[in-house]
2 protein chains.
Amino acid sequence: MSTQEPRKPQATLELVAQRAGVSRATVSRVVNGSDRVKADARKAVEQAIRELNYVPNRAARSLAQGRTNSIALVVPENTAKFFADPYFAKVVQGAAQYVAGTEFMLTLLLSTESDPAKTTRYLQGGNVDGALVLSHHAADRSYADLGSLLPMVYGGRTMSTDQNEIYVVDIDNIAAARQATEVIIAQGRTKLAMIAGPQDMGAGLDRLTGFQQAVRNAGLEPAAVEIGDFTPASGHQIMQRLIGNNVDFDGLFTASAQMGFGALQALAEAGIKVPEDVSVTAVDDDSFARSSTPPLTTIAQFPERQGEIMAELLIKRIQGEQVPEWSIMDTQLVLRDSH
Amino acid sequence: MSTQEPRKPQATLELVAQRAGVSRATVSRVVNGSDRVKADARKAVEQAIRELNYVPNRAARSLAQGRTNSIALVVPENTAKFFADPYFAKVVQGAAQYVAGTEFMLTLLLSTESDPAKTTRYLQGGNVDGALVLSHHAADRSYADLGSLLPMVYGGRTMSTDQNEIYVVDIDNIAAARQATEVIIAQGRTKLAMIAGPQDMGAGLDRLTGFQQAVRNAGLEPAAVEIGDFTPASGHQIMQRLIGNNVDFDGLFTASAQMGFGALQALAEAGIKVPEDVSVTAVDDDSFARSSTPPLTTIAQFPERQGEIMAELLIKRIQGEQVPEWSIMDTQLVLRDSH
DNA sequence: CTGAAAGCGCTTACAG
DNA sequence: CTGAAAGCGCTTACAG
């Protein structure tokens, strides 16, 4: 046990003003980079700030200015899932990097399922000037009404029926899925199965739609469609089930590389050869795509860039600029060994 | 392009007071759960809050109370490293879980190398009531003086020469390394190499010390000691170098499972059998330890629990409670196939 | 149990 | 270029 040392009081504007022999208004002007301050007053203030190690109190500043200079990145997933999915890491990285070059701070909010209302209150309580929302599930109504109170930008199309304008940065998931499926069809395969993503998310729905379009365009019917949750475990399990049920297929499209990774493992365990027996493609060009056996042919999206754009759009909106509601990013077909 | 819709103004205490027909003081009391409010006044206020969807402004509250009800978790690593290391994920998870059960919010701060001063200013600017600091490098002096301004709790011993009281949650790294090394020695191995961690961190230094102690206690001398950075890549590279230099060893202790994972790959590539030719152990019982070939015998620390304890101690300190400066957590030897 | 009033530490027209 | 003063939205003794 130790004794509680007294907390050193933080220097205030007032103290700086006294030491510099000017008014608080002048100190405030120096701190905020106004040019309407004479050189010697500025010098005195700057020295006083240094001597007192003064840092402006954010709460006071926020209250006076009506802005906080910080934005939130909300991930409505639990912590375990957040860390397991390389997609999140990349988006955070991109956003963090962009924000680092601005006057804003990025606050990462993992809204645990335990109390989503806490996050909503935080957002509504004037802690941030705007919010980035990732991985939005339709059932999650938490943010539906926030759009009218706070600028927001979504990563991935929301399924919200919200009346407000919704700003989204996304890829064309339908086209991406169509393209990945066509790679399989081009191999001459005719019995195509899909392991789809959650159907309460735009990305989950749209990738299924794209698969169906490609299959039908080729005059075929899907051999099987199963719904997973984007994780390797779900891909593995679903593939085991398909094999166990003797489903007949020679092509497989998975809505995420993570699920593809799991499915590939299950195929290998069953002695089914890829791509000889089954041609496989997926969406996401992440570490799972690269480290699977064989490496996956995928549609690359660029989540780091997505995070960057999201942050850029949000900050522009906060500053009153007009930005497009929809930003659709390009994707890229990456040919590896699984197709 | 879209038109900028007008932002709906957030309801204020004042508005709630008017609608409920009471003073602002009474509204404040209801919001803060004071019991000195008559039932009917309370009812009226609660209804007004509901109707106006009122959420207290945090900045104003912070300013008035002198506290923010939020704490920061600072990780002085870049985003890529943060996401690559399962240790961080677990600590965050533990801390987030503990904080979720309190009135506090957890803010995750990835202090990019780009501008560490920004983080310091944030911490000093009254944004949070306290800070958790992870993975502290000796060279990083950013937080040295913050301890007198803000309650802080470190994850892992700091090498700071700071005069303030320092609160740390850690394992006994020396004992852990000694124990892991003794497992190898018990196999009758006499030529022990170590891949150590960064020597500017407590965990890096102490695990090397423990290794040396165990080796000397057995009347031996280390066969080789190389310094890595805890990542799989560094373990892989160092092991390639040892093999390339024909270093003669029959035992290997790595300061992290990640480095052990990489070293095991390099050993396999060189056709060296584990544990037949080389007996290997490591610290950290994470996904790398479990998925390496063969699975690693390790000393498990419990980072999730560490995060929990860190958060608990910090919040207690904020609330003025006395807590011990040092919290040393137990570890556990996990026997797998590599020793 | 309740309200009037001061105060938290800033910013920002306004006047000079 | 500079300062006095009002105001941001809360909380909290103080008085009743």
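These numbers come from a predicted model, not from an experiment. Every chain is numbered from 1, with letters handed out A, B, ... down the list of sequences.
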| request: Describe the nucleic acid contact of Ser28(A) in one word from base, sugar-phosphate, nothing, applying a heavy-atom distance below 4.0 Å. | output: base

| said: Work out how far the C1' atom of dG16(D) is from that of dT12(D), and round it to whole angstrom. | reply: 16 Å

| task | Would you classify Arg58(A) as touching base, sugar-phosphate or nothing, given that sugar-phosphate means primed atoms plus P, OP1 and OP2, and contacts are heavy atoms under 4.0 Å? | result | nothing

| said: Can you list, in residue-number order, the parts of residues 60-67 of chain B that come under 4.0 Å of DNA chain C, counting heavy atoms only? | reply: Leu63(B), Ala64(B)

| Residues two or more places apart in sequence or in another chain: which of them pass side chain to side chain contact (heavy atoms under 4.5 Å, CB included) with Ala64(A)? | none

| Hey, what do you get for OG (Ser70(B)) to CD1 (Ile318(B)), rounding to the nearest 0.5 Å? | 8.5 Å

| request: With the side chain counted from C-beta on, respond yes when Val169(A) and Tyr154(A) share a heavy-atom pair under 4.5 Å apart, and no when they do not. | output: no

| note | In DNA chain D, stems of three or more consecutive pairs, Watson-Crick or G-U, each with both distances under 3.5 Å, turn out to be C:1-3 with D:14-16, C:5-12 with D:5-12, C:14-16 with D:1-3

| request: Check every strand shown and say whether Thr26(A) touches a base, only sugar-phosphate, or nothing at a heavy-atom separation below 4.0 Å. | output: sugar-phosphate

| field | Sub-4.0 Å heavy-atom contacts from residues 38-55 of chain B onto DNA chain C, ordered by number | value | Lys38(B), Ala41(B)

| field | Interface limits on DNA chain D, where chain B has a heavy atom under 4.0 Å of a nucleotide atom | value | dG9(D) to dA13(D)

| request: Using the test side-chain hydrogen bond (donor to acceptor under 3.5 Å, both in side chains), find all partners of Gln124(A) that sit at least two apart in sequence or belong to another chain. | output: Asn53(B)

| message | Holding to ring pair (Phe, Tyr, Trp, His ring centres under 6.0 Å), I want the full list of residues that pass it with Phe83(B), two or more places apart in sequence or in another chain. | response | Phe82(A), Phe83(A)

| Can you list the residues that meet the side chain to side chain contact (heavy atoms under 4.5 Å, CB included) rule with Arg24(B), with sequence neighbours excluded? | Leu13(B), Glu14(B), Ala17(B)

| note | Sequence neighbours excluded, the answer for side-chain hydrogen bond (donor to acceptor under 3.5 Å, both in side chains) partners of Arg61(B) is Asn32(B)

| task | Applying side-chain hydrogen bond (donor to acceptor under 3.5 Å, both in side chains), name anything that partners Arg67(A), two or more places apart in sequence or on another chain. | result | Asn69(A)

| message | My understanding is that only residues two or more places apart in sequence, or in another chain, count here; which of them pass side chain to side chain contact (heavy atoms under 4.5 Å, CB included) with Thr107(A)? | response | Leu109(A), Tyr122(A), Thr107(B), Tyr122(B)

| said: For residues 36-50 of chain A, which residue pairs pass the salt bridge (charged side-chain N to carboxylate O under 4.0 Å, His left out) check, not counting sequence neighbours? | reply: none

| task | State plainly whether the residues Arg317(B) and Glu321(B) are in salt-bridge range, i.e. N to O under 4.0 Å. | result | no

